[in-house]
Protein chains: 2
Amino acid sequence: MAARDPGSDKIKRHTINDVARLAGVSKKTVSRVINESPFVKEETRKTVLAIMRETGYVPDPQARGLAFRRSFLVGLIYDNPNPQHTISHQQGLLDAMAGSGFELVVRPVDRHSPRLLADMRDFVERQKLFAVVLPSPVSEDEKLAALLRELDVPYVRIGSVALDEPDRMLVSHDGRGAAQAARHLADLGHTRIALISGPPTFRSSIERKKGFEEGLAERGLRLAPEYAKIGAYTYESGVNAAHELFALEARPTAVFCLNDEMATGVYTAAREAGLRIPEDVSVVGYDDAPIAVRLWPPMTSVRLPLRDMGRMAGEMLVPNALREKRADAHEVQPQLVVRGSTGKVG
Amino acid sequence: MAARDPGSDKIKRHTINDVARLAGVSKKTVSRVINESPFVKEETRKTVLAIMRETGYVPDPQARGLAFRRSFLVGLIYDNPNPQHTISHQQGLLDAMAGSGFELVVRPVDRHSPRLLADMRDFVERQKLFAVVLPSPVSEDEKLAALLRELDVPYVRIGSVALDEPDRMLVSHDGRGAAQAARHLADLGHTRIALISGPPTFRSSIERKKGFEEGLAERGLRLAPEYAKIGAYTYESGVNAAHELFALEARPTAVFCLNDEMATGVYTAAREAGLRIPEDVSVVGYDDAPIAVRLWPPMTSVRLPLRDMGRMAGEMLVPNALREKRADAHEVQPQLVVRGSTGKVG
DNA sequence: GCCCCGTATGATACCGGTGTCACCGTCCCC
DNA sequence: GGGGACGGTGACACCGGTATCATACGGGGC
């Protein structure tokens, strides 16, 4: 039990001074033990560690941070239209950070705000962040990355394609997943395949679209202009785009959506248009969000291991005694999961 | 622009000492200005504020926290099977905290872990949290609340029913929403109404069930034992419970689920059993999660303003210059949203 | 035996703020 | 005119750690 003052006072935590006094050494030596300095005699180290355990002493991160000029906080800076994305990354990050002594500070931003850079400078400088994680699409902001380099803060960008700084990048190879989807649909005999892409400002959308077209090309197909719709990664935009597609003379027999939200919109539009999935139209999504298996029929989708990605980003940035080494792989592979929303054409 | 050493060195932030020197006052007076002490001459205050603006000075939260023995971090401690819940609360909290100078630290826990209390003590003490937010079901842990009182940390518990400390409680009156659902179904002519509840350890489930039965009673109905199923707040448990209900001789014509996840499971089970919604069976969920409007037909559900609840919790705890006063209402009202999954019986 | 070097430790300043208390000047009251 | 009370300010210690530098000690090379 911690010592409690008799005078109805608060519990007083032990400080480094208490430990030093009890161990009969200077506080600097205790500090050395805390920071695993190699220049401490084994015997001294043991004594100090024993006292630390007895007293339940844990160093104060604020004081440590003040002296180190660096906090023990990791920032997660996000701006994603899809909360599921954020929460998955967050979960993974927290997995990697559990028990490390670091804490996760979450920070939503508007990446189009003119104050973004100023706000981020203030955030990072003020909190003296230990590291920063940038999921897509914030990760695509080169100015933000440049700012973080200027501020000398370690960071990991999570994105769909390798950029020019591989050590600070976690790549999900989005194009490959889209190519899998394209081949899958082609192999089922589809030729009239439509695409509903995301906002052209999203790198993920660009990469997925590119991969999709490459996949089609492998099977001798190409994306017809009238089958290429642009959505906004939202449910509603999926509904609207699908309605346009279904109204075409030569209705597509398959629709590939660059995220599950829009694909869900295609389900709705199909119902409204009286089309059956997959008999009349096959649907493929991207992300493999929880909703994919909750729809009827369960949706074929490209799985993106979002939680793993968060965890790997955390492992790249945060030292953790519970784990031997930092992550060395800086990439993950998307994987098509075939379910009931895709079937043979006709 | 901040000053940059010529020697290719880092940017050096201004400290309270710089401001004091430039303003020709002691650092203590600058400190007084920062903390809005009333004992500073107006003229002095203006001078100091001007210098602070010129230099772009912002106080270091770590140093301040060290001296105050309290950080500027708010903890969100959660353990919810439904990530959507967490992310919504988190969003609202961040809404309330934006621009306040406080940061949000998120902390998932396993509320059944034997180490929970020890971990929480360590977390709160070590980080010297300014305040803590406890969403349901963590909010139902009396020992945790007692610990926080012992540690003298302000907190808000978000829960379905008023507890004995109204000032630290944000109530969502879950029973009332469930009663609305019951009346709605009864008014549509349903009498064979089934209930799929959540884990009996969840207060929200208890309250919703109670409210539901009260609502039925108002219409002269009661919940038949064979229609009362216990789920786990998960999709799969909803599927299973619904299958059991649909296999009954006297199949229920309506199913009320105590969350949307399980209600989504009922959709699946209905499809598998060849039942149409709402013609053969009406379905009502609880939470009004995003998925409710993405299902076909769109689901009738009881809306819980999760984001508002997070925001209100934040307003109860964090002073914010951007807002005049703290929240005074400590409750929100659930609201039934009628959509296509409920219809007249027969 | 002396010097040098690497190991092991502590005294002291410092990180950037706040608390305590002493001090000064004014105004007010008797 | 003396004595409080009070507004306004600063010197100094302190919060709980780390960095710098000095010091002490044992061992090897000459």
Side-chain angles (χ1 to χ4, degrees), chain A residues 2-3 9-49 51-52 55-73 101 125-128 130, chain B residues 2 9-49 51-52 55-73 101 122 125-128 130:
Chain A
D9 230 352
K10 298 258 184 63
I11 288 175
K12 173 65 181 165
R13 284 208 116 183
H14 296 284
T15 74
I16 198 171
N17 295 303
D18 303 330
V19 176
R21 185 169 30 75
L22 292 171
V25 298
S26 76
K27 59 194 283 195
K28 179 65 209 185
T29 294
V30 178
S31 170
R32 287 195 178 92
V33 172
I34 294 171
N35 293 291
E36 302 182 357
S37 157
F39 302 116
V40 179
K41 215 197 299 177
E42 191 50 33
E43 191 190 322
T44 313
R45 179 193 311 282
K46 277 187 180 156
T47 311
V48 172
L49 285 174
I51 299 290
M52 285 179 19
T55 56
Y57 166 78
V58 278
D60 181 329
Q62 304 227 1
R64 237 147 81 86
L66 180 58
F68 272 140
R69 288 171 202 73
R70 180 133 294 190
S71 76
F72 296 88
L73 303 175
E125 263 190 339
R126 197 204 287 249
Q127 301 298 331
K128 297 192 286 248
F130 182 84
Chain B
D9 229 348
K10 299 260 185 61
I11 288 175
K12 173 63 181 165
R13 284 208 114 182
H14 295 285
T15 74
I16 199 171
N17 294 305
D18 302 330
V19 175
R21 186 166 30 73
L22 292 171
V25 298
S26 75
K27 61 194 281 195
K28 180 64 209 185
T29 293
V30 177
S31 170
R32 288 194 178 95
V33 172
I34 294 171
N35 292 291
E36 302 182 357
S37 156
F39 301 116
V40 180
K41 214 197 297 177
E42 190 50 33
E43 192 190 321
T44 314
R45 178 192 311 281
K46 277 186 181 156
T47 311
V48 172
L49 284 175
I51 299 290
M52 286 180 16
T55 55
Y57 166 78
V58 278
D60 181 329
Q62 305 225 2
R64 237 147 80 86
L66 180 58
F68 271 140
R69 287 170 203 73
R70 178 133 296 190
S71 76
F72 295 88
L73 302 175
D122 181 68
E125 263 189 340
R126 195 203 288 248
Q127 301 297 331
K128 299 196 271 256
F130 182 84

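Per chain, numbering begins at 1; letters A, B, ... match sequence-line order. Basis for what follows: all heavy atoms, side chains included, without hydrogens, waters or symmetry-related copies.
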Any non-hydrogen side-chain atom of [X] less than 4.5 Å from a side-chain atom of [Y]?
X: A:Val25; Y: A:Val48; result: yes
X: A:Asp60; Y: B:Lys128; result: yes
X: B:Phe68; Y: B:Asn35; result: yes

Please state how far atom [atom1] in [X] lies from atom [atom2] in [N], giving the value in whole angstrom units.
X: B:His14; N: C:dG17; atom1: NE2; atom2: C1'; answer: 17 Å
X: B:Gln127; N: D:dC15; atom1: CD; atom2: P; answer: 20 Å
X: B:Phe39; N: C:dT20; atom1: CZ; atom2: C1'; answer: 15 Å
X: B:Glu36; N: D:dG8; atom1: CD; atom2: C1'; answer: 18 Å
X: A:Arg45; N: C:dA8; atom1: CZ; atom2: C1'; answer: 12 Å
X: B:Ile16; N: D:dC12; atom1: CD1; atom2: C1'; answer: 15 Å
X: B:Lys28; N: D:dG10; atom1: NZ; atom2: C1'; answer: 10 Å
X: B:Met52; N: C:dG17; atom1: CE; atom2: C1'; answer: 13 Å

Would you mind telling me which of C:dT18, C:dG10, D:dG17 lies closest to the side-chain atoms of B:Ile34?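 In terms of side-chain proximity for B:Ile34, the closest of C:dT18, C:dG10, D:dG17 is C:dT18.
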
In terms of side-chain heavy atoms of A:Tyr57, which of C:dT18, D:dG17, C:dT9 is nearest?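 Minimum distance to the A:Tyr57 side chain belongs to D:dG17.
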
So, is [X] near the phosphate of [N], with a side-chain N or O under 4.0 Å from OP1 or OP2?
X: A:Thr29; N: C:dG10; value: yes
X: A:Asn17; N: D:dG16; value: no
X: A:Thr44; N: C:dT9; value: yes
X: B:Ser26; N: D:dG10; value: yes

Decide yes or no, distance alone: a donor-acceptor N/O pair under 3.5 angstrom between the base of C:dG16 and the side-chain of B:Lys27.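 Donor-acceptor pair under 3.5 Å: no.
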
Indicate, yes or no, whether a donor-acceptor pair under 3.5 Å links the base of C:dG16 to the side chain of B:Arg13.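 Result: no qualifying N/O pair found.
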
Which part of the nucleic acid, if any, lies within reach of B:Val30 when heavy atoms closer than 4.0 Å are counted: base, sugar-phosphate only, or nothing?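 Here B:Val30 touches no strand at all.
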
Hey, does B:Lys41 reach any base, or is it just sugar-phosphate, or nothing, if we go heavy atoms under 4.0 Å?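 Touches sugar-phosphate only.
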
Salt bridge A:Glu43-A:Lys46, side-chain N to carboxylate O under 4.0 Å: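 Here A:Glu43 does not pair with A:Lys46 in a salt bridge, since their nearest N and O are not under 4.0 Å apart.
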
Using a cut-off of strictly less than 4.0 Å between a heavy atom of the residue and any atom of DNA chain C, enumerate the qualifying residues of residues 61-72 of chain A by number.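 Hits under 4.0 Å, by residue number: A:Leu66, A:Ala67, A:Arg69.
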
Assign each of B:Val25 and A:Ser31 to its nearest nucleotide of DNA chain D by heavy atoms, then name whichever residue's nucleotide is nearer the 5' end.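 First, find each residue's nearest nucleotide; the 5'-ward one identifies B:Val25.
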
